[in-house]
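Just the heavy atoms: all of them, side chains too, but no hydrogens, waters or symmetry mates, feed the values below. Counting from 1, the numbers follow the sequence of the chain as shown.
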Amino acid sequence: MAKEQSRKSIFSSPPWESALAVLRSFRKKSAYVPVAVMALELFAIFANSGYFPGPMTFCIIILWLLLLITTYDNFQSVFTKLPRRTLLPILLLFLLWIWTGLSIVWSISPDLTWIEFNRTGGYFAAFLLGIAVAGFRFNRLSASLLFATVVLTASLYGLGVKALPSVIDNLDESFRISVPAGYANAQGIAVALSVPFALYFASVKRLHWAIRLAAVIALFILLLTLYYTFSRGAMFALFVGIVVLFMVVPMRLRFFFLAAAALVPTFLIAWWSYGEKAIMQSAQERDTRIEAAYYLRWYILAGIVTIIITFMLALYISGRISFPRTVTRVMGALVLAVVLSATVIGTAMFVISKPSFGEWASQTYKNFKAEEPERSESLRLLNLDASGRWQLWEEAVANWKENTLAGTGAQSFPLVHLMRRDETTPFVKQPHGLPFRLLSELGLIGLLLGVSFIVAVLVTAALNMHKVSDRWQKGLAGTMFAVNVTYLTHTLYDWDWNLFALTMPFFFFSGILVGWRNGGEVGKESGRAGQKIM
C-alpha cells in the first residue's frame, strides 16, 4: 500500500517538479562537481594538457567558481564538519601557495612566478573541491568513473595514430603517440593513472556485468596505448602504482586475473609490433603505415573478442562455483606474494644475466648521465638513460646551493637554464623533476612545504582507508591511493606539475582521500546514494 501511494505521488506530480527534485538532490550532494571537474579534465587533455596560459587560466577560473558555488550550497554540511586531520594538509598546501606568491618579491622572472602562483591556486581549489564532495559515495564513484572515461576517450584518439594513420596523426612525426596530450610522456602517464580505475570497475560485483566487461576492454585499450607512447617513465610509475594497489586493496585475486586477461592480448600485439618498422620507427612512408594499421586493427578486434569470450566464460563459471571468503583471502595473499616475489626474482635474474654486473652498472651510469645517449628508436624501452635530465638536475641543484632558503622564484628555471646551460644543449623550460624544481625555484622552504603536504596527504589517506569497512569502498579508496602514488612516482623525474591535465586529478583525488568520511550525516546520505549506484 505504501509503495502504491509513493508511486502514485511520483507519477501524479508534474514532470518539472520531478526534475527540480533531482536537481535539488544533485545540488545538496554537490554531484555536479565531479562532472564539471572531469569535463575540465577532458578539455585540458585535448588542449595540450592545459600547459599554455590560456586553457590553464580557463580551468583555474572554473575551479574557483565551482568552489564558491559548492561552499555557498553546502558550507554547513561539508566544511564545518571536516575531521581535524584534514586541516593539516589544507594548511600545508595553502602555505605552499602563499610561499609561491611571495617569491614574486625576489623572483628573477616575476611574470612567470605570477603564472605559477595562479596554477598552484588552481590546484588548491581542486584539492578543496575534492574534500567538499568526499563525503558522498556517489561523488567518489562518479569522479573515478568519469576520469577513466575521459582518459579512455583520449586513448582511443591517440591510438588512432597507429590504427588510423590516414585520419589521425601526431603533432610531430615521432613514432611515439603524443596526441591529444601534446607530449608523449604526458599521454603515457595520463593512461597509467586511469589503469587502476579500469581494474577496479572491472572487479566490482555490484556493477552490471556489461559495465565490468566494458572496463576490461577499456583496460586493454589503455595498456596498448601506453605501450605505443613508449614512455618508460609512465610504465615504471604504473608498475610502482600496481604493486601498491595489490598491497592495499582487498580484491587482489580479481585484479590479478582481470589484469592478466587484458595483458595477454596487449603483449601479443606489442610482440608483433616490435618487428614492424612502420609502427616502431619515425618518418615512415604513409602507405607503409596504412598497411601496418590494417593488420593492427584486426589484431585489436581479435583482442577485444578474446577478452569478451574470456570474461563471459569466467562470469559463467563464477556464477556456479563459489569459494568461502577465507579461501579467497588466502588466494589473494598468495597473489600478492607472487607479485612481490616475481619482482624480486626478476631483478635478481636480470643481475645474474650480466657477464660483469659491475661493468654493466658503470656503463649504464654513464649512459644515464649522457646528454645525448646513443640508442635505436625500437630499443627505447630497453635503455636506462635520463634523456638529458642529469644536466638539468645539476643546474637546478647548483642554483639551489646559491639560493638555499628561498630559491630564485617560482617558475624561474627557464632563466636559470639559460644562464647555466652549455650552448650546445637544447633549451627546456623545466628541470624535469618536482623535487629539483622546488629546490631551485622555492628553496629549502618550498621543498619542505611540498614534501610535508604530500606526506600529510598519504598518511591521512592511509588512516581513512583503514577505517573503511565496506569492501568495495575500501577497494575504491585503495585504487585512488595507488593512482596518486603513480603520479608522485612519475613527477619525480618529469614536469607533470606544469601540465594541468595531469596534476589537477592528483589534487582532486587527494582531496577525496583526505576528506573521506564514513559516519555522520554526510556519510549516511552517501551510503543511500551509493546503494542505488552499486
Side-chain angles (χ1 to χ4, degrees), residues 140 144 147-148 151 188-189 191-207 212 215-216 218-220 222-223 226-227 233-264 266-267 307 310-311 314 318 323 325-350 457-459 461-490 492 506 509-510 512-513 516:
R140 301 192 294 251
S144 306
F147 177 74
V151 178
I189 191 58
V191 171
L193 294 176
S194 63
V195 165
F197 285 128
L199 262 177
Y200 172 78
F201 286 109
S203 304
V204 179
K205 285 182 65 176
R206 296 177 183 177
L207 293 176
R212 296 175 59 197
V216 183
L219 180 62
F220 164 60
L222 291 170
L223 290 173
L226 176 60
Y227 172 74
M235 293 179 188
F236 175 74
L238 178 60
F239 171 76
V240 174
I242 291 297
V243 171
V244 171
L245 183 68
F246 275 89
M247 292 175 66
V248 299
V249 298
M251 59 275 290
R252 301 182 183 95
L253 202 59
R254 290 173 176 271
F255 276 28
F256 180 79
F257 287 111
L258 288 167
L263 274 171
V264 170
T266 303
F267 175 77
I307 288 173
T310 304
F311 182 84
S318 64
F323 297 96
R325 178 63 62 86
T326 305
V327 175
T328 58
R329 285 178 178 175
V330 171
M331 293 177 68
L334 289 175
V335 166
L336 176 60
V338 168
V339 171
L340 295 176
S341 300
T343 304
V344 175
I345 293 172
T347 303
M349 291 180 64
F350 177 78
V457 165
L458 294 179
V459 171
L463 292 174
N464 288 342
M465 277 194 300
H466 180 69
K467 295 181 179 180
V468 178
S469 57
D470 181 82
R471 183 168 183 257
W472 304 108
Q473 285 299 302
K474 184 181 286 288
L476 180 58
T479 303
M480 284 189 189
F481 188 86
V483 167
N484 279 5
V485 170
T486 302
Y487 169 86
L488 290 172
T489 302
H490 192 261
L492 289 174
F506 164 75
F509 289 127
S510 292
I512 291 178
L513 287 170
W516 198 294

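A centroid separation of less than 6.0 Å is found between the aromatic rings of Phe509 and Phe147.
The shortest non-hydrogen separation linking Ala482 to Gly241 is CB-O, 3.5 Å. Heavy-atom minimum distance, Arg212 versus Lys205: NH1-CA, 4.0 Å. Across Pro196 and Leu238, no two heavy atoms sit closer than the pair CD-CD1, 4.3 Å. Pairing each heavy atom of Asp470 with each of Arg206, the nearest pair is OD1-NH2, 2.8 Å. The two residues Ala215 and Ala202 make their nearest non-hydrogen contact at CB-N, 3.5 Å. When all heavy atoms are compared, the tightest approach of Met235 to Leu226 is CE-O, 3.4 Å.
Contact check for Val264 versus Thr310: no side-chain heavy atoms found under the 4.5 Å cut-off. A heavy-atom distance below 4.5 Å is found between the side chains of Leu488 and Leu458. Within the 4.5 Å cutoff, the side chain of Asn484 has heavy atoms near those of the Leu513 side chain.
Lys474 places no side-chain N or O within donor-acceptor distance of the main-chain N or O of Ser469, the cut-off being under 3.5 Å. Of the possible donor and acceptor atoms, one in the side chain of Tyr200 sits under 3.5 Å from a partner among the backbone N and O of Trp472.
To the nearest 0.5 Å, the span separating CG on Leu258 from CZ on Phe256 amounts to 11.0 Å. In this structure, CZ on Phe236 lies 9.0 Å from CG on Leu492, to the nearest 0.5 angstrom. Summarising the geometry, atom NZ belonging to Lys467 is positioned 14.5 Å from atom CH2 belonging to Trp516; distances are rounded to the nearest 0.5 Å. The distance from the CG atom of Leu253 to the OG atom of Ser203 is 10.0 Å, given to the nearest 0.5 Å. To the nearest 0.5 Å, the span separating CD1 on Ile512 from CG on Asn464 amounts to 12.5 Å.
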Going through the distances and angles, do Leu245 and Thr479 end up as a side-chain contact (heavy atoms from CB on, under 4.5 Å)? CA-CA 6 Å; Leu245 183 68; Thr479 303; 3.8 Å; yes
Apply side-chain contact (heavy atoms from CB on, under 4.5 Å) to residues Leu223 and Phe267 and explain how you reach the verdict. CA-CA 9 Å; Leu223 290 173; Phe267 175 77; over 6 Å; no
Show your working on side-chain contact (heavy atoms from CB on, under 4.5 Å) between Phe481 and Val249 and close with a plain yes or no. CA-CA 10 Å; Phe481 188 86; Val249 298; over 6 Å; no
Decide yes or no on side-chain contact (heavy atoms from CB on, under 4.5 Å) for Thr486 and Ile189, but give the supporting numbers first. CA-CA 8 Å; Thr486 302; Ile189 191 58; 4.0 Å; yes
